[in-house]
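Position 1 is the first residue of the sequence, and the numbers go up from there.
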Amino acid sequence: MNSERRSVIKELLCSKPFVSLKELTDLFPEVSSMTIRRDIDYFEQQGDAIKVRGGARSMKFITTSMEEEFPSRMQKNIPAKEALAKKAIEMLETGRSFFLDSGTTMMMMASLLPEERFTITTTGPNIAIELLHKKQTIVNLVGGMLNRDNISVSGTQALRFLDDINIDTAFIVPSGASAQTGLTCGNYSECELKKFIVEKARRVIVLLDTTKYDKSLPYTFGNFKDIYMIITNGRLPEDIANAAEENGVLVVRA
């Protein structure tokens, strides 16, 4: 009966983005809500769902990214990424704990990092490998579900890992930024992780190249009130500049 019930739940997770706890308890009145919660835990461990308030979100629907794959992005805007990375490195201080976001700009920052004693946590396996070339740097690699498009780790396991890590400064790269929608990305699971980092870090520094201006993707993970500094390679659009000024955000040109 246990396997039959989970088989039905698996079919539901494959057919719709959200399955509510109420829906499942109504569907299986012969078992307790605690048993249904254990079923949700099971599917979360299997990587089929993310447990959320009131039920579970299907990974089939939320792992789809609206962003370009990593290799194609790696070849674009290289001078801008290098300029942003070099300016971001100026903000590093030894003896502090840093978070490096995933993505091509962070990959550039990791490759240019000086040989000093830093403690860095990252959700990018490729970034962690690049950081291994820096002999004095202590590297924490977050574990969890791997997004093939962004080469980034996210999910409940990643959040649990990060809950035990102190972050002084987080370097975040949004996929888009606008005055209306704030900082956005195209993947729900990655959004939840970035949101957690933004709330946890003492300071958040956003690296924003001109291609991200006035661009809005489906999921917002932060707003201008959450940011300490924006590092950009161009002149911010007026509405974004105004939002930054109203929230006391430092704007630095690379």
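Note that CG of L208 and CG of L236 are 6.5 Å apart. Values are rounded to the nearest 0.5 Å. Atoms CG and CG, from L159 and D163 in turn, are 8.5 Å apart once rounded to the nearest 0.5 Å. Interatomic distance, CG of L21 versus CD1 of I40, reported as 5.5 Å (0.5 Å rounding). Here T169 contributes atom OG1 and L100 contributes atom CG; the two are 10.5 Å apart, rounded to the nearest 0.5 Å. Rounded to the nearest 0.5 Å, atoms CZ (R117) and CD (E115) are 11.0 Å apart. Expressed to the nearest 0.5 Å, how far SG of C14 lies from CG of D48 amounts to 7.0 Å.
Residues I231 and M91 meet the side-chain proximity criterion, which asks for heavy atoms closer than 4.5 Å. Residues T184 and P174 form no side-chain contact, since every pair of their non-hydrogen atoms from C-beta on lies 4.5 Å or further apart. Side-chain contact between V142 and L162 is present, with heavy atoms from C-beta onward closer than 4.5 Å. Contact annotation: the side chain of I240 never approaches that of N242 to less than 4.5 Å [non-hydrogen atoms, C-beta and beyond]. At a threshold of 4.5 Å between non-hydrogen side-chain atoms, the residues F99 and D168 do not count as touching. For the pair K87 and L84, the minimum side-chain heavy-atom distance is 4.5 Å or more. Between F171 and D101, every side-chain heavy-atom pair lies at or beyond the 4.5 Å cut-off. Under the 4.5 Å side-chain criterion, counting only non-hydrogen atoms from C-beta, S102 is not in contact with M106.
The environment of E116 atom CD is dense: over 12 non-hydrogen atoms of other residues, nucleotides or ligands sit within 6.0 angstrom. Open room surrounds CZ on R235; 12 or fewer heavy atoms of other groups in view lie less than 6.0 Å from it. Atom CD of E238 has 12 or fewer heavy atoms from other residues, nucleotides or ligands within 6.0 Å.
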Item to complete: Please test V19 against I9 for side chain to side chain contact (heavy atoms under 4.5 Å, CB included), starting from the C-alpha separation and ending with a verdict.
Response: CA-CA 9 Å; V19 180; I9 296 174; 5.6 Å; no
Item to complete: Take I230 and F224, measure what side chain to side chain contact (heavy atoms under 4.5 Å, CB included) needs, and give me the verdict at the end.
Response: CA-CA 9 Å; I230 294 174; F224 292 94; 4.0 Å; yes
Practice prompt. Any chance you could lay out the side chain to side chain contact (heavy atoms under 4.5 Å, CB included) test for R5 and V31, step after step, and finish with the verdict?
Written response: CA-CA 10 Å; R5 186 180 65 255; V31 299; 3.9 Å; yes
Practice prompt. May I have the step-by-step check of salt bridge (Lys or Arg N to Asp or Glu O under 4.0 Å) for E190 and K194, ending in yes or no?
Written response: CA-CA 6 Å; E190 185 178 354; K194 287 180 188 285; 3.4 Å; yes
Practice prompt. Evaluate the criterion salt bridge (Lys or Arg N to Asp or Glu O under 4.0 Å) for residue pair E82 and K86; output intermediate values, then yes/no.
Written response: CA-CA 6 Å; E82 183 175 356; K86 286 180 177 178; 3.1 Å; yes
Discussion item. Go through it in stages, so that I can follow the logic: the residues are F28 and D39, the test is side chain to side chain contact (heavy atoms under 4.5 Å, CB included), and I'd like the CA-CA distance, side-chain angles, deciding distance and then a yes or no.
Written reply: CA-CA 12 Å; F28 304 106; D39 288 336; over 6 Å; no
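L193 and T123 get closest at one heavy-atom pair: CD2-CG2, 3.7 Å. Closest approach of N223 and T181 over heavy atoms only: OD1-O, 4.1 Å. Taking every heavy atom of both residues into account, A170 and A201 meet most closely at CB-CB, 3.7 Å. Taking both residues in full, the closest heavy atoms of T210 and G234 are given as CG2-CA, 3.7 Å, listed atom of the first, atom of the second, then distance. Contact detail for G144 and Q157: the closest heavy-atom pair is CA-OE1, 3.9 Å. Minimum interatomic distance between A128 and L141 (heavy atoms only, all atoms of both residues): CB-CD1, 3.9 Å.
Using cut-offs of 30° and 60° on the angle between ring planes, the pair F118 and F98 is perpendicular.
Distance alone, capped at 3.5 Å, places no donor-acceptor pair between the K134 side chain and the P114 backbone. Put simply, the side chain of S7 never gets that close to the backbone of S3: no donor and acceptor are under 3.5 Å apart. For D226 (side chain) and G222 (main-chain N/O), no donor-acceptor pair under 3.5 Å exists by modelled atom type. In this structure, the side chain of S15 engages the main chain of E11 through a donor-acceptor pair within 3.5 Å. Distance alone, capped at 3.5 Å, places no donor-acceptor pair between the T119 side chain and the I138 backbone. Judged by distance alone, the side chain of N247 and the main-chain N or O of A243 form a donor-acceptor pair under 3.5 Å. No donor-acceptor pair closer than 3.5 Å links the side chain of K81 to the backbone N or O of M108. Between the side chain of K16 and the main chain of R57, no donor-acceptor pair closer than 3.5 Å is present. Here the side chain of N233 pairs no donor or acceptor atom with the backbone of R253 at under 3.5 angstrom. At least one donor-acceptor pair closer than 3.5 Å links the side chain of S58 to the backbone N or O of L13.
Shown here are the side chain to side chain donor-acceptor pair (under 3.5 Å) partners of T137, two or more places apart in sequence or in another chain: there are none. Applying the side chain to side chain donor-acceptor pair (under 3.5 Å) test to T122 and every residue at least two apart in sequence or in another chain returns nothing.
Of the N and O atoms on the side chains of T232 and Y213, at least one donor lies less than 3.5 Å from an acceptor on the other residue. A donor-acceptor contact closer than 3.5 angstrom links the side chains of D209 and T211.
Residues V198 and L217 are members of separate hydrophobic clusters, defined by side-chain heavy-atom contacts under 4.5 angstrom among Ile, Leu, Val, Met, Phe, Trp and Tyr. Cluster annotation: V153 and Y219 are assigned to distinct hydrophobic clusters (Ile/Leu/Val/Met/Phe/Trp/Tyr, side-chain heavy-atom contacts under 4.5 Å, transitive). No single ILVMFWY cluster, assembled from side-chain heavy atoms under 4.5 Å apart, contains both V204 and L250. In terms of hydrophobic clustering, with Ile, Leu, Val, Met, Phe, Trp and Tyr side chains grouped at heavy-atom distances under 4.5 Å, L132 and L92 are assigned to different clusters. Grouping the Ile, Leu, Val, Met, Phe, Trp and Tyr side chains by contacts below 4.5 angstrom, directly or via other members, places I120 apart from V206.
The side chain to side chain contact (heavy atoms under 4.5 Å, CB included) with I227 is formed by just one residue from the set I172, I205, L183; it is L183.
Ion pair E44/R160 flagged as a salt bridge, since at least one NZ, NE, NH1 or NH2 atom sits closer than 4.0 Å to an Asp/Glu carboxylate oxygen. A salt bridge does not link D41 to R37: none of the charged nitrogens lies less than 4.0 Å from a carboxylate oxygen.
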